[in-house]
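Here is the structure we will look at, set down as C-alpha cells.
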Protein chains: 2
Amino acid sequence: MDKQATIKEIAKKLNVSISTVSRALHDHPSIGLRTKMRVKDMAKELNYEPNLAAIQFKLGKSFTLGVIVPELTESFFSSAVTGIEDAALANNYNVLFGQSHDDVLKEKKILNTFRNNRIDGLLVSLSKSTKVIDHFLELTKNKIPVVFFDRVPKEENVYSVSCDLYNSSIKIVNYLWDRGHRHIALLKGPQALTATNERMRGFMEGLNRKKMKTDPSLFSSSDLTKESSWNAMKDILSQKNRPTAVIAFNDYVALDAMQYVKRFTNLKINKDICFVSYSNLPMRVYLDTPPLVSIEQFPYEQGRRATEMVIDLINKKEIAQTKVVIDGELIELEEIPQTHMV
Amino acid sequence: MDKQATIKEIAKKLNVSISTVSRALHDHPSIGLRTKMRVKDMAKELNYEPNLAAIQFKLGKSFTLGVIVPELTESFFSSAVTGIEDAALANNYNVLFGQSHDDVLKEKKILNTFRNNRIDGLLVSLSKSTKVIDHFLELTKNKIPVVFFDRVPKEENVYSVSCDLYNSSIKIVNYLWDRGHRHIALLKGPQALTATNERMRGFMEGLNRKKMKTDPSLFSSSDLTKESSWNAMKDILSQKNRPTAVIAFNDYVALDAMQYVKRFTNLKINKDICFVSYSNLPMRVYLDTPPLVSIEQFPYEQGRRATEMVIDLINKKEIAQTKVVIDGELIELEEIPQTHMV
DNA sequence: CTTAAACACTAAAACCTTTTCAATATTCGT
DNA sequence: ACGAATATTGAAAAGGTTTTAGTGTTTAAG
C-alpha cells in the first residue's frame, strides 16, 4: 500500500494491454466478461484507485465546481453551501470554496484562483459591493457555466436560482394588515442588491392592494452593518407618525434594529413596534423577542438546485428554465416560546 | 482567449525549447536574464496560465487540503473554515470540504473521496460518533499528514490544535465563585469527546481549589440535541439542593437548557439560576438572557494554525510542537445589552 | 594558447489515463 | 469449410509540465 497501483501494473500482472484494463474498469461493452472480471478482481486486490489528477489532465475536466459566497459564517450561506456540497457529491463533483467577504476585489481574486484550477462550473452569490458582473460573464465566454443563487444580478441573460421575494413581501404585508397594522416601515438593504428591489416592489404592491399609502418616509436603508441598521431604525422611529411595524431586510438586520430599540427607547418590541423579517434564522427560536414572522428562503434548496443546474449546463443538457424562482414561506414562530409558568 | 496558451506555444513563438520556457517562468538560475524576460513577456502577451491539472499530475501533488468538520452551519466551524481558507490561500493551497454531520460513516466516505483526489494533507474536527481514528491514521501511513483541530482525539501521537479547556474551565469556576456561587452544576457533552473530559477535569480542579464539594450529582450529560439537553437540565433542577449556576457544554447547549428553564419553570435566568458556557457565539449579544460569560475558543485562529501546521508537515519542515494548545479567553458580556431607558 | 570551469540552453523521458484505429480471434450462415 | 460478420484485444498517441542528463559556448585561469 506504499505506492498507489496503476492500470499499467494491473495490465502487466494479467498480461493484457493497458487499454483493456482501462476499458474493463469502465464496463466498456467491447471487453469480454471473462477478462473484465479478472481485471476488476486484480484491481481490488492491488487496491487500485484511479489517479484523478491524471484523468483530469487527460480529459481537460476538473470535475470541480467553484463556489463564491459573501460570508460563510452567515447561517444562510453555510446552509446553502451544505446543499451545494450534497448535490455536488451526489454527482461526483468536488467543490472549491471562496468567501468574498462582500468585497468585489476579493471576489475577483477568488475567481482567478478558480480559473487556474480549471473549474468546470461556478456558483455565485454576489458580494454586496459588486455592481458589474463582467468578470463572471467572461467565464461563460470560455464555456464555463455560471449560476447565481440568492444574491443574483439584475441582468437578464444569466442563470440563477433565487427566492421569490416579491410575492413573499406581499405575504408579509398581508400578514401585518391582518394583525391590524396600517402603518408599516421597510428597513431596506443596499441598493445594489436585486433582493432589495424585489422586497421593495413587493412591499409597494402589498401596500397598494390594501390601499395603504406608500409614503417615501416609510423606507429607510441599511448597508447591513450594525451601525447603519441602528441609524435606519433611528430614522424610522423619529417620524412624527411612528410606524407600528417594521419589515427588516433579514433577521440580522432585524436583530440590530431591535437592539437599537431595546437600548435607546422604551418601546416594547412586538407590542409597541412589531418586527418581521426574512431568512428565518435557526437561532430565531431562542430569542425572547424574535421577529414574529420571517420568510424562509430555503438556502439548502437553493444551493442544491443551483448545483444541479450548473452540472446540467456542464453536461450540455437542456435546461428547463434559466431562472429558477423558489417560493418563500412565511414562518410564524411557534406560539410563545418563552411561556413562563409564573 | 479561446484556448489556453501552453509553454509549448511560447517556446515555438520564441524559438527556444520547452524546458527553457518552463525554467524561465520559474526563475531558474540557469536561464539568462535576456531570454527570461522574453519568455515572461510572451507569457503575459499570450495570457498564459499554467495548466494546474498537468502540474498536479506531473508532480504527484494536488496542492489541495481536505477539511472535515461536523457541521458547517455551526458558527464555530464556519469560522474555523474561514481561518483554514485564508491560511490555505496564502500558501497557494486549495481546500476541499466535507461535513460529517457527526456521523462516522459519512466521515469515512468523505475521507475516501479525499483520497481519490489525492489531497496533500487533511484537517479534521472529529464527529462526535467517532470512537476510533484508525481511518485517519491510515493516511499518515501513506505519508499524508493529518492535523486535528478543536474536536481532537485522545490519542497521544497525533498532531492537533485545540483550545485549553482545562484551564478555561478553572477560570469559569473562579468567575462563578467570585460571584458568590457555591453550588455549581456541569452540563457535560458526549463522553466520546475529549473536550468533555477536559472541561470535566478543569471543573473538578476548580472546585477542589476552592474547597467546594465535587458531588457526582453535579454532572449531567447531553448528546448535544435539544431533547437531551432538556433532559439534562431537568436532572439538574430536580435535585433537592438546586445549583445556582450551570456550566453548559457550549452556547448551543446553554440555549437549549435556558429554553427549558423558560418554558417549564418559573426560575429567572441568570438570577435564580445562572448560565455560563463555551464558544462565545456571535449571536450571544442579541440575547436578552445570554450566558453571562462564555469561553472564546478562537475557531478562526485554530483553523489558521492547524492549516499552517499541516502545510509545514507536507513540506517536511520541523514542527515546533505536535500539539498546539490555544488559551481560551473568558468573555463577559458587555454590561446589560438590553438597557431599557424606562 | 590550452584547459577547466561557468554559463546558457536543449532533448527527451516520465507522470497515468483515455481513446482512435487497427489487428486478431471467434462465431455464424451457408 | 469458407468468407463475412462480430467479438475481443492491442499499440500508440496525446495531453502539459517538470526534470535529468546532457550539449555547446563563453569566460577565466594557468
Side-chain angles (χ1 to χ4, degrees), chain A residues 2-40 42-43 46-64 92 115-120 142-143 315, chain B residues 2-40 42-43 46-64 92 115-120 142-143 315:
Chain A
D2 264 272
K3 270 182 189 168
Q4 287 285 9
T6 67
I7 51 172
K8 204 188 212 166
E9 298 176 47
I10 299 178
K12 191 177 283 178
K13 290 233 181 199
L14 295 179
N15 249 326
V16 295
S17 76
I18 292 175
S19 20
T20 301
V21 176
S22 174
R23 279 193 268 249
L25 293 173
H26 287 83
D27 289 316
H28 193 281
S30 84
I31 297 297
L33 187 65
R34 178 83 158 268
T35 26
K36 195 160 100 180
M37 283 314 197
R38 292 207 310 144
V39 168
K40 288 199 170 178
M42 180 59 77
L46 297 182
N47 229 315
Y48 170 77
E49 293 287 353
N51 184 330
L52 281 196
I55 296 174
Q56 290 171 8
F57 165 53
K58 169 69 177 146
L59 263 44
K61 275 194 67 176
S62 63
F63 293 98
T64 299
N92 281 313
R115 293 181 74 133
N116 286 358
N117 279 279
R118 305 283 209 274
I119 53 166
D120 292 334
N142 293 15
K143 309 287 178 218
N315 298 327
Chain B
D2 263 272
K3 269 182 190 169
Q4 287 286 6
T6 66
I7 51 172
K8 204 187 211 170
E9 297 176 47
I10 299 178
K12 191 177 284 179
K13 290 232 181 199
L14 294 179
N15 247 326
V16 295
S17 77
I18 292 176
S19 19
T20 303
V21 175
S22 174
R23 281 196 261 254
L25 293 173
H26 287 84
D27 290 315
H28 192 280
S30 84
I31 299 296
L33 188 64
R34 182 82 156 271
T35 26
K36 194 159 101 179
M37 283 315 197
R38 293 207 309 143
V39 168
K40 287 198 171 180
M42 181 58 77
L46 296 182
N47 229 315
Y48 170 76
E49 293 285 355
N51 184 330
L52 282 196
I55 295 174
Q56 289 171 9
F57 164 53
K58 169 69 179 144
L59 264 44
K61 275 194 67 176
S62 63
F63 293 99
T64 300
N92 282 313
R115 293 180 75 131
N116 285 358
N117 280 278
R118 305 284 208 272
I119 53 167
D120 293 334
N142 293 14
K143 308 286 179 221
N315 298 328

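Note on naming: letters A, B, ... go to the chains in the order of the sequence lines (proteins, then strands), and numbering restarts at 1 for each one.
Residues Gln56(A) and Asn117(B) have side chains in contact (heavy-atom distance under 4.5 Å, counting atoms from C-beta outward). Side-chain contact between Leu46(A) and Ile10(A) is present, with at least one heavy-atom pair separated by less than 4.5 Å. Counting heavy atoms from C-beta on, the side chains of Leu52(A) and Phe63(A) never come closer than 4.5 Å.
Annotation: of the two residues near DNA chain C, His28(A) and Ala5(A), the 5′-most nearest-nucleotide partner is Ala5(A).
Counting non-hydrogen atoms of neighbouring residues, nucleotides and ligands closer than 6.0 angstrom, the NZ atom of Lys8(A) reaches no more than 12 such neighbours. Within a 6.0 Å sphere centred on NZ of Lys143(A), heavy atoms belonging to other residues, nucleotides or ligands number 12 at most.
Residue Thr6(A) is in sugar-phosphate contact alone, with no base atom involved, counting any heavy-atom pair closer than 4.0 Å across all strands shown. Within the nucleic acid shown, Ile55(B) comes within 4.0 Å of sugar-phosphate atoms alone, with no base atom in reach, counting heavy atoms only.
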For residues 31-38 of chain A, dump all side-chain donor-acceptor pairs below 3.5 Å to protein atoms at least two apart in sequence or in another chain.
residue	atom	partner	partner atom	Å
Thr35(A)	OG1	Gly32(A)	O	3.2
Lys36(A)	NZ	Asp27(A)	OD1	3.3
Arg38(A)	NH2	Leu14(A)	O	3.4

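Shown here for Gln4(A) and Glu9(A), the closest heavy-atom pair between the two residues is O-OE2, 3.9 Å. Taking all atoms of both residues into account, the shortest heavy-atom contact from Arg118(A) to Glu49(B) is NH2-O, 3.8 Å. Residues Ile119(A) and Ser62(A) come closest through the heavy atom pair CA-OG, 3.6 Å. Closest heavy-atom contact between Tyr48(A) and Ile7(A): OH-CG2, 3.5 Å.
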Item to complete: Do nucleotides 4-11 of chain C as a string where each nucleotide becomes B, S or -: B if the base has a protein heavy atom under 4.0 Å, S if just the sugar-phosphate does, - if no protein is that close.
Response: ----BBBB
Item to complete: If a protein heavy atom is under 4.0 Å from the base, mark B; if only from the sugar-phosphate, S; if neither, -; do that for nucleotides 22-28 of chain C going 5' to 3'.
Response: -------
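For the segment residues 56-63 of chain A, the set of residues with a heavy atom within less than 4.0 Å of an atom of DNA chain D comprises Phe57(A), Lys58(A), in numerical order.
Contacts between chain A and DNA chain D, taken as any atom within less than 4.0 angstrom of a protein heavy atom, begin and end at dT8(D) to dG16(D).
As rounded to whole Å, 19 Å separates atom P of dC15(C) from atom CG of Asn51(B).
Judged purely by atom type and a 3.5 angstrom limit, His26(A) has no side-chain atom pairing as donor or acceptor with the backbone of His28(A).
Within the model, atoms OG of Ser30(B) and CZ of Arg23(B) stand 5.0 Å from one another, a figure rounded to the nearest 0.5 Å. Distance check, rounded to the nearest 0.5 Å: CG of Asn15(B) to OG1 of Thr20(B) gives 11.0 Å.
At its two ends the helix from dC1(C)-dG30(D) to dT30(C)-dA1(D) runs along axes set 40° apart, each axis drawn from five pairs and the angle rounded to 10°.
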Worksheet item: Does the side chain to side chain contact (heavy atoms under 4.5 Å, CB included) test come out yes or no for Arg115(B) and Asn142(B), once each step is laid out?
Response: CA-CA 10 Å; Arg115(B) 293 180 75 131; Asn142(B) 293 14; 3.1 Å; yes
